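The structure appears below as structure tokens.
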Amino acid sequence: MRIALKIAYDGTKFYGFQRQPGLRTVEGEVIRVLKKLGIIEDIREANFKGASRTDRGVSAFGNVIAFDTNRLDLTEPRILNHYLNDVWVLGNASVPEDFHPRFWAMSKVYRYYLFNEGIDLIKLKSCAELFIGEHDFSNFARLEEFKNPVRIVRRIDVVPRGKIIMIEIEGESFLWEMVRRIVTALKLCGMGILSEEEISFMLKEKVDKKLPPASPENLVLWEIKYENIEFKKDSYAIEKVKREFFERFRMYLTRAAIFEDWIISL
């Protein structure tokens, strides 16, 4: 039987998603546990696949993996989460034998959490409109050979949340570093460093120097949308995950308060 898992992970704890010899990766951590429990023996025989190979530092709240197994009883989130570290299974689903988490995806949703350094939200939102639709994103990505640079961005939502601006981008698919380079453009536009005319030009003509990608630590793969695939939640597992998330939230918020006081006191 083929099983899909919806997983979240703290990307700051890993050297990216894809397994690499001698390095701790998300894929490596998941495979370690699947093998330890006897859910799979060989990744090739199990046809192990991931939806998105997020970069080092990038986190996820809704990445998806899939594999074949005869041990369906051991793929429950509450069991897997007991053994996983810095990765959490949020749900599972029985899927067709030919299910591929990347190729079956209808769209992907990313969220970027941008610190507001005096950014003009009206300008930022106006610039965001320029990226919506079908464009050649060659100037806003790290291009890979034989990859078509034309992509479709369905929407960009900009949500101010106190000192943070949450930018949510949905598209059918994305190029390497595309989201983070778009965020850099939006930030510079919102700060008055780049104009809408300059961004429009970069979406139409090749430039010699590209904008750098924004920091990966603030990027989250929020959701991957599928048609007719529904992930079953385990209420016990979700409550346990909530407690673990809250502990990290409390720790980081407390540390942030300390540094804020230091800044104020200087």
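Below, all heavy atoms of this structure are taken into account, side chains as well, without hydrogens, waters or symmetry copies. Model, not experiment: these values are computed from the prediction.
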Have Trp176 and Asp55 got a donor and an acceptor in their side chains that come within less than 3.5 Å?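 Distance-only check passes for Trp176 and Asp55.
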
Do Glu168 and Trp222 get their side chains close enough for a donor-acceptor pair, meaning under 3.5 Å?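 Checked: Glu168/Trp222 side chains show no N/O donor-acceptor pair below 3.5 Å.
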
Starting at [atom1] of [X], measure out to [atom2] of [Y] and round the result to the nearest 0.5 Å.
X: Ile182; Y: Cys189; atom1: CD1; atom2: SG; answer: 13.0 Å
X: Asp261; Y: Ile263; atom1: CG; atom2: CD1; answer: 9.5 Å
X: Leu84; Y: Ile79; atom1: CG; atom2: CD1; answer: 12.0 Å
X: Leu34; Y: Ile3; atom1: CG; atom2: CD1; answer: 11.0 Å

I need the single residue from Phe245, Tyr252, Phe246 that forms a side-chain contact (heavy atoms from CB on, under 4.5 Å) with Arg248. Which is it?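 That would be Tyr252.
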
Give the cluster check for [X] versus [Y]: same hydrophobic cluster or not, with ILVMFWY residues linked at side-chain heavy-atom distances below 4.5 Å.
X: Phe115; Y: Val158; answer: no
X: Tyr226; Y: Phe67; answer: no
X: Val58; Y: Tyr9; answer: no
X: Phe174; Y: Val150; answer: no

Thr184 and Phe140: side-chain contact (heavy atoms from CB on, under 4.5 Å), yes or no, with the steps? CA-CA 9 Å; Thr184 296; Phe140 296 93; over 6 Å; no

Using the side-chain contact (heavy atoms from CB on, under 4.5 Å) rule, take Ile169 and Tyr112 through it: C-alpha gap first, then chi angles, then the decisive distance, then the call. CA-CA 8 Å; Ile169 303 179; Tyr112 196 92; over 6 Å; no

Under the side-chain contact (heavy atoms from CB on, under 4.5 Å) rule, what do Phe14 and Asp86 come out as? Steps first, then yes or no, please. CA-CA 9 Å; Phe14 299 97; Asp86 303 311; 3.6 Å; yes

For the ring pair Phe99 and Trp104, is the centre-to-centre distance below 6.0 Å?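 Here the rings of Trp104 and Phe99 have centres that are less than 6.0 Å from each other.
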
For the residue pair Ile238 and Leu90, what are the closest heavy atoms and their distance?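 Shortest heavy-atom contact: CD1-O, 3.7 Å.
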
Minimum heavy-atom distance between Ala237 and Arg78, given as atom pair plus value: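 Scanning both residues completely, I find the closest heavy atoms to be CB-N, 3.8 Å.
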
side-chain contact (heavy atoms from CB on, under 4.5 Å) assessment of Arg155 paired with Val109: CA-CA 9 Å; Arg155 64 179 175 88; Val109 179; 4.1 Å; yes

Got a list of side-chain donor-acceptor pairs under 3.5 Å for residues 118-126, not counting sequence neighbours?
residue	atom	partner	partner atom	Å
Asp120	OD1	Ile122	N	3.0
Asp120	OD1	Lys123	N	3.2
Ser126	OG	Glu196	OE1	3.4
Ser126	OG	Glu196	OE2	2.5

